[in-house]
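Below is one structure, written out as structure tokens, with a few remarks after it.
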Amino acid sequence: RRPASQACAWERLIGNELAHSVADAALALSSQSGFFDFVPWGYCGGALLRVPLAAGERERLGQASLQEESEEDPDIVGRHLDFLQRRRFCMLHVLESAGAQLELVPTSDEPTVRLSVSRGRLVIFRHDWFGYSYTPIVASPSSELALQVWLLEAPPVLRLEGITGEAAEI
């Protein structure tokens with residue numbers, strides 16, 4: 001469970017220019033042999049707007065059940081697992097802030113990286129190499145706003161190498 005200062009709500013945004021620009025730059029760089037250790041595919045289809053929760057919202061948001069969501073969208077869990085496996089770069093653009101601390105927690109035994117972030121800062125990091133924690137200095141919904149998008153690895157492609165056997169057996 002996250003401390004109240006780190007609780008946030010997400011709103012999905014479609015067609016964000018920053019997301020398209022960064023994804024396009026990464027795709028251009030990927031044409032350079034060996035620049036990335038993965039094949040970029042694009043960002044996750046939308047951007048998320050991160051805002052702190054107002055008092056009492058955590059309890060209200062915590063009541064939604066995954067079963068209710070999966071009835072509306074049966075593949076929601078599968079798509080989310082696919083996103084978790086394929087996300088590579090996280091781009092966090094701080095649009096409004098009175099100051100915050102971003103902690104990048106490595107998935108390896110490396111030390112945690114702590115960054116002070118403020119309005120206008122864009123931080124790009126490998127989300128498959130780092131988890132993160134974003135803690136506003138002033139936990140006020142009116143003082144924090146951040147845009148977050150992810151660059152994903154290309155989905156795996158299955159390729160048929162050949163068919164063995166007689167047509168009647170297949």
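The residues of the chain are indexed from 1 along the displayed sequence. Hydrogens, waters and symmetry mates play no part in the numbers below; they use all other heavy atoms, side chains included.
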### Message
Tell me whether Trp129 shares a hydrophobic cluster with Leu115, the cluster being built from Ile, Leu, Val, Met, Phe, Trp, Tyr side chains joined at under 4.5 Å.
### Response
yes
#### Entry: Connected via hydrophobic side-chain network under 4.5 Å: Val113 and Tyr134
yes
### Summary
Residue set satisfying salt bridge (charged side-chain N to carboxylate O under 4.0 Å, His left out) with Arg79, at least two apart, ordered chain then number -> Asp73
Would you compute the distance between atom [atom1] of [X] and atom [atom2] of [Y] and round it to the nearest 0.5 angstrom?
| X | Y | atom1 | atom2 | value |
| --- | --- | --- | --- | --- |
| His93 | Leu49 | NE2 | CG | 12.0 Å |
| Tyr132 | Gln148 | OH | CD | 3.5 Å |
| Leu95 | Leu122 | CG | CG | 10.0 Å |
| Arg88 | Leu152 | CZ | CG | 8.5 Å |

List the atom of [X], the atom of [Y], and the distance in Å for their closest heavy-atom pair.
| X | Y | value |
| --- | --- | --- |
| Pro111 | Pro106 | O-CG, 3.3 Å |
| Ala98 | Ile137 | O-CD1, 4.5 Å |
| Arg126 | Asp37 | NH1-OD1, 3.0 Å |
| Leu151 | Met91 | N-CE, 3.7 Å |
| Ser116 | Arg121 | O-NH1, 3.5 Å |
| Val123 | Val117 | CG2-CG1, 3.9 Å |

#### Entry: Greater than 12 external heavy atoms within 6.0 Å of Leu160's CG
yes
### Query
Considering residues at least two apart in sequence or located in another chain, which fulfil the side-chain hydrogen bond (donor to acceptor under 3.5 Å, both in side chains) criterion with Glu103?
Arg114
### Query
So do Glu144 and Glu96 actually touch side chain to side chain, heavy atoms under 4.5 Å?
no
### Query
Side chains of Ser97 and Leu145: does their closest heavy-atom pair fall under 4.5 Å?
no
### Task
Please work out which of the three classes, parallel, tilted or perpendicular, describes the rings of His127 and Trp150, given edges at 30° and 60°.
parallel
